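Since this is a predicted model, take the numbers as computed values, not measurements. First listed ligand is number 1; within each ligand, the first listed atom is number 1. Any value given below was found using the heavy atoms of this structure, including those in side chains, with hydrogens, waters and symmetry copies removed.
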Amino acid sequence: MSNLNKKRILTGDRPTGPLHIGHYVGSVKNRVLLQNEYELFYLIADVQALTDNYDNPEKVASNIFQVAQDNIACGLDPEKSTIFIQSMIPEIAELTVFFMNLVSHNEVLRNPTVKTEIKEKNFGDSTPFGFVGYPVSQAADILFIGTDVVPVGVDQAPMLELTNVVARRFNSTYKTDLLKEIKPLFGVEKNLIGTDGDAKMSKSKGNTINLMDTDEEVIAKVKKMYTDPTRIHATDPGKVEGNPVFIYHDFLNPNLAEVNDLKERYLKGTVGDVEVKDKLSKAIIKFLEPIRERRAQFPLDKVKEIVLEGTKRTQAEARLRLDKIKEAMKIKYF
Ligand code: TRP
């Protein structure tokens, strides 16, 4: 099917660090599947990353191509999908400014995801204005390219609601049908806990296994993983449910017979953590192998070319769309 007949998907990541296996099971794997059915745009959300890293732009800049490479290594196919950098599409920033008038101050402050994040980040009195407003900019990310579908985790639901509110208000205010409401694609995302048993794998918590980790790093991280805290000896019956090591086995070890055998013996107290972890390391290393191989085929200079090409393609389309949007707003003067 040519791209003309396909519906559009927009997905993206904030480039603030290398991607980890939590990203893989949570979004990247699904994204890679969706690119066959949809015309997929992958946004490297550097402007959004700056809303809470404005004083550390190097952190954002140094992860742009890394994040693109991680996605490509996982199977995002530059022949099928378009990868682009948010800050290189000035039309997104322009649209954000127009959208800011369509959303009330209170509405922005009520956004539950942003509220939680503001608390977590301990901004105190200094929450950046840009941070509070990032959902409006995210609506621009989504609407500027005529997106049909956005695959997201539940934490992003308020962003998508706001996106559709903005689309509706734009259309009714400027008497047009230019902006299309989007459909969120929920329920496909899975959350992987951290190696320390924390509810979320995240770089800031130092509990990740990264897609680019070496075998040695994987082995060392798995060795340190939390298991069943109540189990002292390998001969004690252990808990499988809620045990991080078994949660990882379930996610990442395709050898069901091996996993079931380990679980049975763990419950009986006839297998030690060492064997369970050793088999988990091996499974993770095997899982990372094809990702590593694909990464080697796409060194950073090649990734840069791909991103530049995708960004140029997106820029051309963004310009045409913004012209239409300005026409609808009656501010296209020439
Ligand atoms: N907010 C998303 C995140 O934190 C990143 C993002 C920015 C995004 N713009 C987007 C996701 C548009 C989907 C659509 O991961």
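Under the 30°/60° scheme for interplanar angles, the aromatic rings of His249 and Phe246 are found to be tilted.
For atom 8 (C) of ligand 1, the closest non-hydrogen atom of the protein is Gln138 NE2, 3.7 Å. The protein heavy atom nearest to atom 15 (O) of ligand 1 is Gly12 O, 4.2 Å. Given atom 9 (N) of ligand 1, the protein heavy atom at minimum distance is Asp141 OD2, 2.8 Å.
The distance from the CD1 atom of Ile145 to the CD1 atom of Ile89 is 7.5 Å, given to the nearest 0.5 Å.
Counted by atom type alone, Glu258 and Asn253 present one or more donor-acceptor pairs between their side chains at under 3.5 Å. Under the 3.5 Å distance criterion, with hydrogens and angles disregarded, no donor-acceptor pair is assigned to the side chains of Glu317 and Thr314. A donor and an acceptor atom, one from each side chain of Asn191 and Lys200, are nowhere located under 3.5 Å apart. Counting only N and O atoms by type, the side chains of Asn106 and Ser104 include no donor and acceptor under 3.5 Å apart.
Heavy-atom contacts of Leu10 reach the following atoms of ligand 1: 12 (C), 14 (C) (cutoff under 4.0 Å). Here is the list of ligand 1 atoms found below 4.0 Å of a heavy atom in Ala45: 7 (C). Ligand-side atoms of ligand 1 in range of Leu43: 7 (C), 9 (N), 10 (C), range being under 4.0 angstrom from any heavy atom.
Residue contacts with ligand 1 include Gln156, since one of its heavy atoms falls under 4.0 Å from the ligand.
Considering each of Thr147, Leu160, Val150, the one bringing a non-hydrogen atom nearest atom 13 (C) of ligand 1 is Val150.
Outside the 6.0 Å centre-distance limit, the rings of Tyr248 and Phe251 are not counted as a close aromatic pair.
Residue-to-ligand polar distances place Gln48 within reach of ligand 1: an N/O pair is separated by less than 3.5 Å. Residue Arg14 places at least one N or O, backbone or side chain, under 3.5 Å from an N or O of ligand 1.
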